[in-house]
Every structure is written in C-alpha cells, then in structure tokens.
Amino acid sequence: MLYLFSVRYSGSDGRAVLYFYDDEEHKIVKIPDYSGHKPYLLTDLTPDEIIEKFPEVIKHPGFNKLDIVEKYDALNDRWIRMTKVEANDPLSIGGSGKSIRELLKDHSWEAKIKYHHCYIYDRQIIPGMPYKYEDGEPKIVETSVPEGIRKLVEGLVEDKIQAAEMIEWAKLLSAPIPKIKRVAIDIEVESEALRVPSPKLAEDKVIAVSYYSSDGRKGVYLLEREEKHGNTQISLGDARITFFKDEKELLLATFKLIEEYPLLVTFNGDSFDLPYLYNRALKLGFKKEEIPISWKERDEYPELRNSIHIDLYKFFTNKSMRVYAFGNKYREGNTLDEIASALLGKGKVRHEELISEMTYQRLAEYSFRDAELTYELTAFNDDLVIKLIILMMRISKLPMEDLTRHNISAWIRNMFYYEHRQRGWLIPNPEDIKRIKGDTSTRAIIKGKKYLGAIVIDPLPGMYFNVLVVDFASLYPSVIKTGNLSYETVRCPHEECKRNIVPGTPHWVCTRRRGMMASIIGILRDLRVYVYKKAAKEVKSEDEKQHYDVIQSALKVFLNASYGVFGSEAFPLYCPPVAESTTALGRYAILKTMRKAVDLGIPVLYGDTDSLFLWNPSRDKLEKLLQSVLDDLKIDLSVDKEYKWVVFSERKKNYLGALKDGKIDVKGLVGKKRNTPEFIKKLFTDVVTTLSKADTITSFEEAIEQVKDDIRESIMRLKNNQISLDQLAFNVVLTKDLQEYVETTPQHKKAAQQLLREYKKLYGSTPVNIMKGSVVSYVKTRDREGVKHVQLARIDEIDTEKYLDIMKTTLEQVLDALGISFDELLGIQSIDDFLQIKSKK
DNA sequence: ACGCGTAATAC
DNA sequence: GTATTACG
C-alpha cells in the first residue's frame, strides 16, 4: 500500500507533488501534477462584480476560472453564495504585480493564511493514511475498525450520526501503520577551536559521516587526513569503517546512501547537517542536480528531493511532545545527550579533545554514537515515535515534514480547517471572530493575564489517614463537549439561546446547533477515555495493548492543548469567550462536586483545578458522589489515587503523602525543585523517605530521631566545608538572553556575567553555552555580590548561614506539616540564636 | 506562537 | 510591590 507522507508544491503554479511511502518496496513514490489540488480563493463579490470592478483579476496570469459555491458562514449561522476564484496560486504575485488576493483584499476569505496547506481543496487527502493508485487518482484504502473497538463505540452513543462520526475517526486511528525503512546520519566537520562552523559558508572539511539504519547498515565514512590522527586500521564493533582520500568521494557516498532510503532522520539536520552538506558540495564543484538536498537561504527548512527528512531536534523540543508524550522526562534539555539519556538511558560519547584533533578511532566512536542515538530515538519501544508521528499526521492532517516541525497550535489549526472544508464551512477570519464574539469578561488574578482560570481549594493543614483523590477525566475537553462550546455556538446570534448562560459569565451557548469544536474535541475525548484506554486494558496481547496505548497518548496530546489554543492570540480561531467559558465551567464543576461531597458528609481536604481530596469516605457515599456528578454534570469523576496518609501545610499546591502501594508523593515542595542545590535536595529526600517509612506512632518517633541525626550531620558537614561546590550550586535557567534582563539583575544573571567576564579576560572569547535556555550554576557567597558562579567560587567563600537558612525553610515545609519544629528538633533554642552565636565568633 | 494559579526568592 | 523561576 501507499502511505501519504508529504504534499509539496511545484513552484507557484499550484500543482502538487504527492510523496507516498510504498510499504512493500520500501521506497518513496512520487505522484506529480496532482490535479485534486487546485488552490482557490473565495470572495463575497459576484462574478459580474469581479469582472466589472476588478478586470485585473481576469487578466491575471495565474487566473483560471470563476465559479459559484454555497458556503456555511458559522459566525452568522447562514449559508451564503460565494464566488470561487480558481487560480494557480491566488497568493503569489503574478505578472500584474499583485496577487489575486491582494486585488480582492476586502472581499476575500480563506486565503489570508500564508501557509500553503491552508488552501481549500476540492478533494481532501489525509496524510499518514494508506492509499492505492487507481485511474490516475489516489484512493484511500478502506480499512475496517476492529470489532472490539466498534462495539465500544456503538455502546457509547445512541445517536446514529454521532456514532458514525466516531467510527470515521476510529478508522483513521485503527488503520495500519507501516514499518518505515530509514537511516539516521550525523556529520562532523573540521573546525578550529571555539569557532562554530557555519552551514552557510561551509568552509571546513567534512571529516566524518556516520549512519545507522533500520535494515542493519551502520558505519562511518571517514576522511583521510594528516598522520597525527592515527592509523586507519580501526574497528568499531559491527559498524563498517570506510576511509576516503577525497572529500568529494565522501560526499558522493553520503548522497548515495541518503538516496537509498525513503526517510532520513537527523538531529538538528535542518539547521546544520543538510545545509552544510549542500553548501559544501557546491563548494567542491557538485552541480545542484547531483545533490539530493534542496536548500535556499529563505526556505523554512532544507528538503530532500526524492525522500523525506525529519529533524528530531525540532520534534523533541516541541513542548507538547515533551510534556504529554514523555511525561516531561527531559524538561528544558534540548540536546541529543539530554534527550537520549532521558528516553534511552544512553548519552553521547564524552570527550575532552576537540573534534578536529581526535584520532580516527575516537572520531568514529563519537560520531557513530550520535547517529546511533538519533536512530534509536525513532526506534525505541517498537518504533513508538514513528507511530506517534503517523497517528498525529492523521489527526492533524499535516504531512510528516510539517507535523514534525510545527507546534501543537498548527496541528490543531489544521485539524479544524480540514473539518471546515469537509463540511463546506467558510473558515472565519480571526478579526471577524473577535469582532462578533468580543472579549473576555472575567478578571484574571494574575497581572497580565486575560481571564480567570482554575481554582485551588484551601488545604486543611494537618495529617490525615485514608485519603482518596477523585478527579475529572480530562476536565476541559469534557466541559467543552458537554457545554457545547465552540467559536460559533458561544454568543450565537439566536435570541432564544441568550437564556442559556454559562455560570459565572455573561456568555450564552447555542441551543440549536452542535458546536464544531465541542463535537470534535468530544469525539476525541470519548475515543480516548472510553474506547482506546479501555481497549488497552482489556486486550490480551501485548502488541495490541501497546498499539492502543500509542493511540490514546496521541489523542492525549491534542486534548491537552485543545482548550489553551482558544485563549492564545496567536491561534487563528482565537476566541476569548470560548476560553473563558471553558474555565468557568471547570470551576463550576469542581465547586458543585465539592458541595455535593460536603452534603453527603464527606470532608474535602483539598482540591486543585480538577481534583478533590476526600477524607476517608465510605464506599456508599463515594458511589453516590460519583453517580450524582455523572447525572448532574454529565462528566465522569473517578478515583485517581489512594493515600495511606497525606500531610497538608497551609500552602496550596504543597503536600506530601504515602500512596497505598507505599510510593511517596511529594508535590510542590522546594526540596523537589530542580533549581535547589543537590545537597539540600538529598537531605530533603532522605528526611521524607525516613518519615514515610513510619506508619505507627512508635516508628514515627524513631524516624524523628533518625531525621535529627541526618540534619545534624548535614549541618556539621556544611560548617566544615565538606560539601562540594557542585552540591551547593543553584541551577537556574536563563529564560532570556542576558541583555534582555532590564528590570532587575537576578542572581543567575550576575553569575553568568561573572563567568563571561572571566572568560574574556583569560581567553579573549566567551563560552557559547551562556544564552537563552542555558542553565547557570551559582553558589551563595559572603562577599558583596552574595553570589558566585560555581566555576569561579572557592569552598571557603560559601555563605554558610545562608545555606543553613535555606536548609531550614526547605525542611520546614515537611516538618511544619508534621508538627515538628526544625529548631526544637535540633535541640537549640532557635536557628537565629544559633546563627548569632556563630557570627559573633 | 496553547492557557491560568500558586509559591518562593531576590531586588 | 515587582521580577523571575519553577511547578501544579
């Protein structure tokens, strides 16, 4: 079968080239001149008006023809007649000097989007789906939905139309996913110390190209250089080592290799490897046709002429991928080393020497590992990442190259646009949504925010046994669905709907029509919660289970961002009343549930956004609560966690508990935060672990003794300067470039500046790793600045008192809650006395 | 180019 | 009180 991977446009004539993956031959099949893609522009002028008022349109070199079409204008709830101006490219500038859209500026719809996939098509095609080619047309291969999945869907909704829509989505998700033949490559170039090689200039020799493929070809192409790099008789496991005397030959071999694979995977290939290879090849005298890469400086990214390229750097730095698919395992880390270490448990080869100084053996090892890791990132867990990409292509309708390079808002945008075209709806202009639907009405608590968000219920401080946490399964998608929220249904034009108010807002919701966003988000949510999650639990075979898990996590990525985008001005369907109504319904749901719990006599200890902590509820009362929420709010509430005990302080988002399975849950406490010095984090964890082991009063007393010992020991080590600078360092991320900190000078900025100054003095250059996004490590010192970069500080400069203070406040978050005083625990009157005594000495 | 709420610390 | 960071 052929799987649609990519859609590209040949110049400005509007015809598309489709790139399919043939899963039998394992190669890319190109279909040029795809006629189904005729971009056009819609206008509210009649054909006669166009001919009369804008004769240039008809004379435009790209102009094709005029047609009349019926379109649904959802904002005003009416079908209207529009004129379709068919042109090779209505956005591009033709011989007349102006694009057709430019000419019809005030009367044009739907072509305001620069992005090339946002034209409207006569026949829509779905990236990632299986096709066969018949009579010059790609036809989607109808695949059946597994019986188990179909049963789950049909058992879910009575409405036949809704069930049919859900089955359509289930078809997308259930269609087979091909095994993809692919190769990962990584290049190394010979550059001088501290100079970052420029892919634009490509001045340095390409000295190594490593490759690692799905069909077992792996190796390193090396360039023979001076003798100091060692003997060429080197070996590297089962990797094949090939030496080239001539750099041109090396590039030729590399290009041949790339051409043999339908999919190329790199890490940062968009900004480095591919443009570098391209420009270097030109420099060495290759003709453009001899290079499989096409690259122009103003291109968004380099393209492979006959195959597909994915840059994993772009894909793995995508926020939604990090947070939702991988549980935020690798946080701010952007490097191959960090990502691979987190996901594969294996990092890059460490090296002290410069790449250009390495021996052949070292260079091969270093470079090969990069290619290996890059490949492994697509292959671990049975090709999990490839499967996710294909599924998300189907949900978003974005081609592989675009999906992996754009953020979630583009995915969701494209998904909704597709749906508009499918239904014959006009895609509204952002200004029109804003003008008709208006702004937010609630006031945000945080300065600078646009509207009111979630609520956090004040915790009841103390220690509680048998605590049960209930939560709403994807609360925001649920209320979008049950509240029928969508840009066209919120503040709809109908008089009778104005009584259907969203609690806590002046907004109302349509009672006549089902909202598009509500419908789609609702379907995705139900498929995830009731169908694929359930199926994953029920099926016997490990393979099937894993497959359903991939599907449900792909859905999760979309669901988690489905509310946020409506509150983002950058999103073209931005609709403040929708975003505001979503959080309002969320607040309504949690507060109503809390009241119900209290009415049933269940004490509510705490709650945040979509969860409630219930104190020792009886089975009976719990059942009643869950049922009444389902009946009244039509949202599922279910048991999320069970704690043996939980400790709350007076602070919100701060608690500590022991789960029934013995696992310890620490939330929000400073001792857990990434920026906290290792030494304090370690002490904190030790204290928590010790205390958590106790479940009776006597063992608790023993635990406290142990804690005392631990803390005293730490204080002694601190005072005796026995703790290394590394252990004492705060690690804080620079979220801006240094020059951008204008309001204040935070400590991490100070430390970064110190280091830069020092480097300038010593080497005349500055380290490359101090910029936006890098982590600055500093310790607190007794000097005037109070802070020193960890690389510049000496152990005897440490401000011991400051650290004792930090130790105290950190541990107090736990000890306070347990009714233990830090100072009493240590048998001193107070920490302040202690500090005073010390400073007098 | 997804959202808001809370805590802690430095300035 | 504001800025900054981290996290829920």
Side-chain angles (χ1 to χ4, degrees), chain A residues 115 318-324 328 331-332 405-413 415-416 430 440 442-459 469 471 475-477 480 521 557-576 578-584 586-587 590 606-611 649-655 665-676 680-681 730-736 740-751 773 775-776 778 780 785-787 802 805-806 809-810 812-813:
Chain A
Y115 201 58
N318 185 318
K319 195 180 155 201
S320 342
M321 286 318 300
R322 301 160 64 126
V323 177
Y324 303 119
N328 219 359
R331 302 202 177 168
E332 68 289 318
R405 287 172 178 81
H406 287 98
N407 284 335
I408 186 78
S409 75
W411 304 359
I412 294 180
R413 176 194 71 195
M415 172 176 88
F416 284 136
T440 52
T442 54
R443 183 115 27 95
I445 289 173
I446 310 169
K447 191 180 136 249
K449 302 287 179 186
K450 298 185 285 274
Y451 58 93
L452 199 55
I455 42 173
V456 183
I457 294 158
D458 270 321
V469 184
D471 78 347
L475 177 65
Y476 287 158
I480 288 174
I521 294 167
V557 172
F558 283 79
L559 289 170
N560 274 323
S562 62
Y563 138 74
V565 291
F566 288 105
S568 162
E569 277 149 87
F571 187 61
L573 299 173
Y574 172 55
C575 186
V578 168
E580 190 174 38
S581 299
T582 308
T583 56
R587 292 192 296 274
I590 194 173
Y606 176 64
D608 184 347
T609 313
D610 59 358
S611 66
S649 65
E650 277 171 3
R651 302 171 189 90
K652 293 172 174 179
K653 295 185 191 278
N654 264 258
Y655 60 89
D665 238 8
V666 182
K667 300 285 177 187
L669 308 188
V670 182
K672 219 185 114 181
K673 298 202 175 179
R674 192 188 50 75
N675 59 339
T676 309
I680 293 190
K681 241 197 267 187
F730 289 82
N731 306 291
V732 179
V733 171
L734 285 171
T735 56
K736 302 187 266 195
E740 293 174 69
Y741 288 92
V742 279
E743 306 287 347
T744 54
T745 310
Q747 293 193 317
H748 59 298
K749 183 196 173 180
K750 264 189 210 162
V775 178
V776 180
Y778 63 87
K780 306 227 179 209
E785 285 208 278
V787 52
K802 265 261 159 56
D805 242 5
I806 292 156
T809 51
T810 307
E812 267 180 341
Q813 289 193 349

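The sequence lines fix the lettering, A, B, ..., with proteins before strands; numbering per chain opens at 1.
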Given dT4(C), is OP1 or OP2 found less than 4.0 Å from the side-chain N or O atoms of His748(A)?
no

Check whether any side-chain N or O of Ser568(A) sits under 4.0 Å from OP1 or OP2 of dA1(B), and answer yes or no.
no

Quick check for you: among dT9(B), dC2(B), dA6(C), whose closest atom lies nearest to any side-chain atom of Ile408(A)?
dC2(B)

For Tyr563(A), which contact category applies under a 4.0 Å heavy-atom criterion: base, sugar-phosphate, or nothing?
base

Tell me: CG of Asp458(A) to P of dG8(C), nearest whole Å?
19 Å

Under 4.0 Å, heavy atoms only, any strand: does Thr583(A) hit a base, just the sugar-phosphate, or nothing?
nothing

Classify Gln813(A) by what it touches in the nucleic acid, base, sugar-phosphate, or nothing, heavy-atom distance under 4.0 Å.
sugar-phosphate

What residues in residues 446-456 of chain A put a non-hydrogen atom under 4.0 Å from any atom of DNA chain B?
Ile446(A), Lys449(A), Lys450(A), Tyr451(A), Leu452(A), Gly453(A), Ala454(A), Val456(A)

Starting the side chain at C-beta, find the nucleotide from dA7(B), dA10(B), dG8(C) nearest to Lys667(A).
dG8(C)

Measure NZ/Lys653(A) against C1'/dT6(B) and give the value in whole Å, please.
6 Å

Candidates dG8(C), dA7(B), dC2(B) - which lies nearest the side chain of Ser409(A)
dC2(B)

Do Ile590(A) and Leu475(A) come within less than 4.5 Å of each other through their side chains, counting heavy atoms only?
no

Is Arg651(A) near enough to dA8(B) that one of its side-chain N or O atoms lies under 4.0 angstrom from OP1 or OP2?
yes

Do Thr609(A) and Tyr476(A) have side chains that get closer than 4.5 Å, going by heavy atoms?
yes

Base, sugar-phosphate alone, or nothing: which one does Tyr741(A) contact when heavy atoms must sit under 4.0 Å apart?
sugar-phosphate

Interatomic distance, Glu569(A) CD vs dG3(B) P [rounded to whole Å]
9 Å

Between atom CG in Asn560(A) and atom P in dG3(B), what is the gap in whole Å?
14 Å

Categorize Ser562(A) for me: base, sugar-phosphate, or nothing, with a 4.0 angstrom heavy-atom threshold over every strand shown.
nothing

Is the distance from OP1 or OP2 of dA1(B) to the nearest side-chain N or O of Asn407(A) less than 4.0 Å?
yes

Indicate yes or no: at least one non-hydrogen side-chain atom of His748(A) is less than 4.5 angstrom from one of Phe730(A).
no

How about Glu650(A): does its CD atom have over 12 heavy atoms from other parts shown lying under 6.0 Å from it?
no

Ile412(A) has an atom CD1; how far is it from atom C1' of dG3(B), in whole Å?
12 Å

Can you tell me which nucleotide in dT5(C), dG5(B), dC2(B) comes closest to the side chain of Val732(A)?
dT5(C)

Could you tell me which residues satisfy ring pair (Phe, Tyr, Trp, His ring centres under 6.0 Å) with Phe416(A), sequence neighbours excluded, listed by chain and number?
none

Any side-chain heavy atom of Lys653(A) within less than 4.5 Å of one from Tyr606(A)?
yes

Separation of Tyr778(A) atom OH from dA10(B) atom P, in whole Å?
7 Å

For Lys749(A), give me all partners under salt bridge (charged side-chain N to carboxylate O under 4.0 Å, His left out), at least two apart in sequence or on another chain.
none

Tell me whether the side-chain N/O atoms of Lys736(A) come closer than 4.0 Å to OP1 or OP2 in dT5(C).
no

Testing dG5(B), dA8(B), dT5(C) for proximity to the side chain of Thr735(A), the answer is dT5(C)

Selection from dC2(B), dC11(B), dG8(C) that lies nearest to any side-chain heavy atom of Lys319(A):
dC2(B)

Inspect the contact between Lys652(A) and Asp608(A) and indicate whether a charged nitrogen and a carboxylate oxygen are less than 4.0 angstrom apart.
no

Using OP1 and OP2 only, check whether a side-chain N or O of Thr744(A) sits under 4.0 Å from dC11(B).
no

Short side-chain N/O contact from Lys750(A) to OP1 or OP2 of dC11(B), under 4.0 Å:
yes

Check whether any side-chain heavy atom of Tyr451(A) lies under 4.5 Å from a side-chain heavy atom of Pro576(A), and answer yes or no.
no

Rounded off to whole Å, could you give me the CG-to-C1' distance for the Asn675(A) and dA6(C) pair?
6 Å

Rounded to the nearest angstrom, tell me the gap between atom NZ in Lys673(A) and atom C1' in dA10(B).
15 Å

For dT9(B), does OP1 or OP2 lie under 4.0 Å from any side-chain N or O of Thr809(A)?
yes

Compare side-chain N and O positions of Tyr606(A) against OP1 and OP2 of dT6(B) and report whether any pair is under 4.0 Å apart.
no

